[in-house]
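Just follow the structure's listing: the first ligand is 1, and inside any ligand the first atom is 1.
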Amino acid sequence: MAGTLVYSQKTELALELIEAARALCRAGLGNEVKAISINNRAQAEELASRGVNVWSIKGEGVAIADTAALASVIAQVAKELEGDAIVLSSDRRGKELAGRLAAKLDAGCLTDVKAVETAGQEVGLVRNALGGATVAVQTITSSLKVVAFAPGAFPCAEKVSDSGIVNELEITGTKATVRMIETRPKDAESTDIRKAKTLVVVGQGVEDKEDLPLVEELASVLGAEIGCSKPVATDKKWLSEDRVIGLSGKTCQPELALILGVSGQVQFTVGIREAKVIVSVNKDENAYMNQMADYVLVTDIKKALPEFLQALR
Ligand SMILES: Cc1cc2nc3c(=O)[nH]c(=O)nc-3n(C[C@H](O)[C@H](O)[C@H](O)COP(=O)(O)OP(=O)(O)OC[C@H]3O[C@@H](n4cnc5c(N)ncnc54)[C@H](O)[C@@H]3O)c2cc1C
């Protein structure tokens, strides 16, 4: 038995993956967590401070956006270190990397994994199935496994006094397939709604864009972040995609979710069902969202928004 290899270019996610990989080891997959860091010495040291040995790889010309080149590098390292499992983050880039690596290494692969269980003699990987309507425990039967964990599924590994070792490794001959022309920071409104204690959620029931400032004011009075259903971001483009809740967005666990005009399709509710208190405002008393809510207000949002603000200001 050899190692479980962890990689994410984002340090916070890599720290979560260390805990995920430890859970895999406890369940019987691999006996040592090892981390990979590519062209990022500072990250390598941060990971080592969590008590894992790190391979800090210098890959000339390997850009983070170049998932084909990243996959080549990680595949080489996995062979060298005789990894049993490669653990990635199920964010956009991580999912692409997972598929590429699995194909390169002839490994089985699961993405969007939320937890680890033992399933008989096997390691069970817990993930949503049937579009989020149910939860399944699945196993990978190939000897080498690629597992991508949902961001936030595990807490970040804590610093320990006994740091791991940072090993330098140079990889040459990787062919870059992407040329980086420019990098830009995300726009200022970008946020991580997964961390919000209170969420005001905009659904398509918020029919007029002119009502968004009222929603923003309501969020500000409540000290809340704004989330949304998918069509509000992807079809209407009123809010950024990193605010989408659900299967193709984020899974949130706020103390309070005030949900404005969301019908409650399973692809949405899978991302909010762990909220402590759900309030649904919907003019349709039979909306699915209301079945999950702790409190339901059957009314038109146009009427509810000013009244909420008047009561809370
Ligand atoms: C593979 C796949 C992945 C998906 N992933 C996601 C995902 O991650 N997140 C997501 O959200 N969706 C996702 N979807 C889409 C999902 O199925 C729904 O289409 C979407 O959630 C609907 O958004 P909505 O509830 O805002 O809009 P609608 O379904 O149109 O619902 C609007 C609601 O507002 C109410 N309403 C209308 N006007 C008013 C008013 N004036 N006052 C009060 N209430 C009003 C209506 O009664 C209705 O209940 C996915 C779909 C697929 C196929």
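Closer than 4.0 angstrom to ligand 1 sit non-hydrogen atoms from Gly203, Gln204, Gly205, Glu207, Ser229, Lys230, Pro231, Val244, Ile245, Gly246, Leu247, Ser248, Gly249, Gly261, Val262, Ser263, Gln265, Gln267, Phe268, Asn282, Lys283, Asp284, Thr299, Asp300, Ile301.
In terms of the salt bridge (charged side-chain N to carboxylate O under 4.0 Å, His left out) criterion, residue partners of Arg194 (sequence neighbours excluded) are, by chain and number, Asp192.
The side-chain heavy atoms of Cys109 and Ile140, taken from C-beta on, include no pair separated by under 4.5 Å. Side-chain contact check for Arg50 versus Leu15: some heavy-atom pair is nearer than 4.5 Å. Contact annotation: the side chain of Ile278 approaches that of Met289 to within less than 4.5 Å [non-hydrogen atoms, C-beta and beyond].
Side-chain polar atoms of Lys114 and Asn128 form a donor-acceptor pair below 3.5 angstrom.
Arg93 and Glu96 are not joined by a salt bridge, as no carboxylate oxygen comes within less than 4.0 angstrom of a charged side-chain nitrogen.
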